[in-house]
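Here is how names work: the chains are called A, B, and so on, in the same order as the sequence lines, proteins then strands, and each is numbered from 1.
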Amino acid sequence: MSEQITITLPDGATREYASGVTGLEIAESIAKSLAKASIAVTVNGEQRDLCDPITQDAQFSIIKLDSDEGLEIMRHTVTAQLLARAVKNLYPEAKLAIGPTIENGFYYDVETPKPLSEEDLAKIEKEMRKLKETNAPIHKSLNSKADTLAAFEKRGEPYKMDIVERADQEDGFQLYQQGDSEFIDLCHGPHLPSLKHVGVFKLMKVAGAYWRGDSNNQMLTRIYGTAWRNDKELKDYLHMLEEAEKRDHRKLGTEMGLFHFQPEAQGSVFWHEKGYLIWQQLEQYMRRRLTAAHYQEVKTPQLMHSKFWEQSGHWQKYREDMFVVPDVVPNTEEDGPIFKEEPKEFLALKPMNCPAHVQIFKQGIKSYKDLPIRMAEFGCCHRNEAHGALHGLMRVRQFTQDDAHIFCREDQILEESIEFCKLALDIYKDLGFDDYTVTLETRPEQRIGSDELWDKAEQGLMDAMDAIGLEYTINEGDGAFYGPKLGFIIRDAIGREWGCATLQLDFNLPERLDATFIGSDGERHRPVMLHRAILGSIERFIGILIENYAGKLPLWLAPVQCVVATITGSADEYAKEVHQKLLDAGIRAELDIRNEKINYKVREHSAVNKTPVLYAIGAREAEERTVAIRRLGSQAQNVEALDKAIESLAQECKAPY
RNA sequence: GCUGCUGUAGCUCAGUGGUAGAGCGCGUCAUUGGUAAUGACGAGGUCGGGAGUUCAAUUCUCCCCAGCAGCACCA
């Protein structure tokens, strides 16, 4: 086989090699040092092992550990080779499932007779280090389905066998092996050529996970770990984790006295006055934006009869997430049953606002000239979320959506979608989020409506995106049961992503609930419904804001914008006057004339309460009618004349819209 | 809902088979101070709930409940 192939390097240079040349050989032919640093290669856009033969002309590049791909390959090797083997060494009866890489690390799912706990991690980690010390080379073999199954059967690995059995291919199964050890792992690769390329790693935690992600299946132990090129990278990462923990809105919310939860109302928020001030600022800001965008605000019932939800389809498709209330007078006898009679009629708390909005639309006769109707509601919804899903403000059972439904003609979809996207992005900018991605989520298995309607709906959203030039990725099967949706995902200050805004195109509900308008032809037509939200849930969005700003909210959102703190009791009277002037100027201000030192007050209002502005008032300020201004996060003190200071602060406290 | 871990003062957490401790916070007093914790004293707890083992349980066992992490789900 002396056929020649042409290899094109990233810089465009080409080189000739005999067919069957390996990535390692190519690297060696370029430079010995390069070969040493290589851990894998990319051949025509596909990652391959260094030892894979290349048999046709190819675009070729070398992957080193210093690239993102290289780091991911290293993590992959750490989990599949070190972690998996360490577990098998320590617990020979363990069964291996899968071990992929994830953001910042990796995990491996294993089944052990006794679930592993965090205490086992140190032992496993030690074993991993021992294995790494061997610096063993990693070999790969290609195997037929039968041989692969036999190999895993011999080792008692039912999960691996399941993966192989479900695979489409008949051969070419890649098995990786360290040196001459008995241990093998199935992997699509590539892997490091040798364990000596492994950097630093740390096992983080264990958690339960279902085999194949299906809650009907066996629960496995998932071992999480992280791996980096060197100690510094690991340290930085651990530091970032600490930072995320510090920003936890549950912790900050408690410290700042914003809200609390208690067991009798799990998943529902007790908003304290300060937390509710944030809420009101946000809600009022949204209301101003919606009004300016020609939305009309409405309010609809919490409790509605099951017949209503049957019509909307929620009773059939969504009932397990709904709170259902029997329409029966409860029994008041002591120790008696709660209900004397078997309830026959049921009401349900609304989990969504849309069907109610259709009812408002249906009152009276609508003309094509009335459309679009943009109906908004800060709608309080209840959903019976699984206990384990509840998480602070991020996932609650009672939440308020900044919801709206746009009833329009088909010819108005494009413009309405475009206007919505512009509005959403502009609002995010005001709220401090500039970084976002967009997804299109298509028809799920559980759905109502014909395939033709779904085709039309999905196409409609794609057209709108194309018209604005917004890039999007498609998530198959993630749509709502009544229509496809567009999702806006914002990225916060420490790089975490949150799905918030959504635009859902719905041809189904108007039909189900028989909403019509009279067209220019005098005939009845179906309106299209665009379900849309920008914040998503106000509760959750406040949680995101708190974490994004680490509690240091921008002035216009801060529950207390300015604290007037006295240095000495002799300044109390003047401080009271300053406080009143701030209130008169519409600034949310507090007065602190406690018998405490200024150091104490500064710490409390800054570090604990995160108040953006502090006016320190001593005898000097009272004498000169000034204020000493201190900003959150700064040591600087600015002395300004009282009236001037308040005037500019009032200006600064204005909401962005 | 599933798996694992946790539950002690308002908060953060020590601790023990013989009914409990710290720091912060809170209250009182002293202190009137100049920018990220002034000092002293004091009050405050059926040790998540129930059952069991035991002479004795906050401690050990079991069952519930709740919280946390992850899974599944999702705004």
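- Closest contact between the side chain of Gln635(A) and the listed nucleotides G33(B), A36(B), G70(B) involves A36(B).
- For Tyr549(A), there are no ring-ring contact (aromatic ring centres under 6.0 Å, His included) partners, not counting sequence neighbours.
- Distance from the side chain of Ala386(A) is smallest for A72(B) among the nucleotides G34(B), A72(B), U38(B).
- At the heavy-atom level, Phe541(A) lies nowhere under 4.0 Å from the strands shown.
- For C74(B), there is no paired nucleotide, since no Watson-Crick or G-U wobble pair has both relevant distances below 3.5 Å.
- The side chain of Arg383(A) sits closest to A75(B) out of G34(B), A72(B), A75(B).
- Comparing the C1' positions of U8(B) and U19(B) gives an interatomic distance of 13 Å, to the nearest angstrom.
- Contact between the side-chain N/O atoms of Arg397(A) and the OP1/OP2 oxygens of A75(B) is not found at any separation under 4.0 Å.
- When distances are taken from the side chain of Asn599(A) to each of G70(B), A72(B), A37(B), the shortest belongs to A37(B).
- The CG atom of Leu553(A) sits 10.0 Å away from atom CG of Leu282(A), with the distance rounded to the nearest 0.5 Å.
- Here the NZ atom belonging to Lys485(A) is positioned 14.5 Å from the CZ atom belonging to Arg532(A), to the nearest 0.5 angstrom.
- One finds no side-chain N or O of Arg603(A) lying less than 4.0 angstrom from the OP1 or OP2 phosphate oxygen of G25(B).
- Note on Gln637(A): every side-chain N or O is 4.0 Å or more away from OP1 and OP2 of G34(B).
- Minimum atom distance to the side chain of Leu632(A) is reached by A36(B), of the listed A36(B), A75(B), G34(B).
- The base-pairing partner of U58(B), taking Watson-Crick or G-U wobble contacts with both distances under 3.5 Å, does not exist among the strands shown.
- One C1' atom belongs to U58(B), the other to U46(B), and the distance between them is 10 Å to the nearest Å.
- Residue-level contact check: Ala619(A) touches the bases, meaning some heavy atom is under 4.0 Å from a base atom.
- For the pair His382(A) NE2 and A75(B) P, the interatomic distance rounds to 17 Å; values are reported in whole Å.
- Taking CD of Glu547(A) as the reference point, atom CH2 of Trp498(A) lies at 5.0 Å (rounded to 0.5 Å).
- At a threshold of 4.0 angstrom between heavy atoms, the contacts of Val396(A) include nucleobase atoms, whether or not backbone atoms are also involved.
- Following rounding to the nearest Å, Glu385(A) (CD) and A72(B) (P) show an atom-to-atom distance of 15 Å.
- Residue Gln266(A) places at least one side-chain N or O under 4.0 Å from the OP1 or OP2 atom of G67(B).
- Out of U32(B), A37(B), C73(B), the shortest distance to the side chain of Tyr600(A) is found at A37(B).
- Side-chain N/O atoms of Lys251(A) include none lying less than 4.0 angstrom from OP1 or OP2 on C11(B).
- Separating the CG atom of Leu390(A) from the P atom of A66(B) is a distance of 10 Å, rounded to the nearest angstrom.
- At a cut-off of 3.5 angstrom, the base of G34(B) holds at least one donor-acceptor pair with the side chain of Glu621(A).
- Of the candidates A66(B), C71(B), G33(B), C71(B) carries the atom nearest the Arg222(A) side chain, counting heavy atoms from C-beta on.
- Partner assigned to U38(B) is A30(B), using Watson-Crick or G-U wobble distances below 3.5 angstrom.
- Of all nucleotides listed (C73(B), A69(B), U32(B)), C73(B) comes nearest to the side chain of Arg395(A).
- As the counterpart of A9(B), no nucleotide is assigned, since no Watson-Crick or G-U wobble pattern has both distances under 3.5 Å.
- Rounded to the nearest Å, the gap between the C1' atom of C41(B) and that of G34(B) is 28 Å.
- Residue Lys610(A) contributes atom NZ, which lies 11 Å from atom C1' of A36(B) at whole-angstrom precision.
- Under 4.0 angstrom from either OP1 or OP2 of A75(B) there lies no side-chain N or O belonging to His531(A).
- Using Watson-Crick or G-U wobble geometry with both donor-acceptor distances under 3.5 Å, A14(B) finds no partner in any strand shown.
- Both thresholds, 5.5 Å between centres and 30° between ring planes, are met by Phe399(A) relative to the base of A75(B), so the two rings are stacked.
- Using N1 to N3 plus N6-O4 or O6-N4 for Watson-Crick, or N1-O2 and O6-N3 for G-U wobble, each under 3.5 Å, A43(B) pairs with nothing.
- Comparing A69(B), G33(B), A75(B) by their nearest atom to the side chain of Arg250(A) picks out A69(B).
- As rounded to whole Å, 18 Å separates atom C1' of C74(B) from atom NZ of Lys317(A).
- Side-chain atoms of Arg540(A) lie closest to A75(B) of the nucleotides U32(B), A69(B), A75(B).
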Next item on the list: May I have the step-by-step check of salt bridge (charged side-chain N to carboxylate O under 4.0 Å, His left out) for Glu624(A) and Arg620(A), ending in yes or no?
Entry: CA-CA 6 Å; Glu624(A) 296 166 358; Arg620(A) 207 155 61 221; 5.4 Å; no
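- In this structure, the CD atom of Glu604(A) is 12 Å from the C1' atom of C26(B), given to the nearest Å.
- Under the 6.0 Å distance and 45° angle rule, Arg222(A) counts as a cation-pi partner of Tyr107(A).
- Looking at Thr400(A) and Trp279(A), their side chains come closer than 4.5 Å, going by heavy atoms from C-beta outward.
- Atom CD of Glu596(A) is separated from atom P of C29(B) by 13 Å (rounded to the nearest Å).
- Rounded to an integer number of Å, the gap from Trp498(A) CH2 to C74(B) P is 17 Å.
- Taking a pair to require two hydrogen-bonding distances under 3.5 Å in either a Watson-Crick or a G-U wobble arrangement, C68(B) pairs with G4(B).
- For the pair Asp572(A) and Lys576(A), the salt-bridge criterion is not met [side-chain N within less than 4.0 Å of a carboxylate O].
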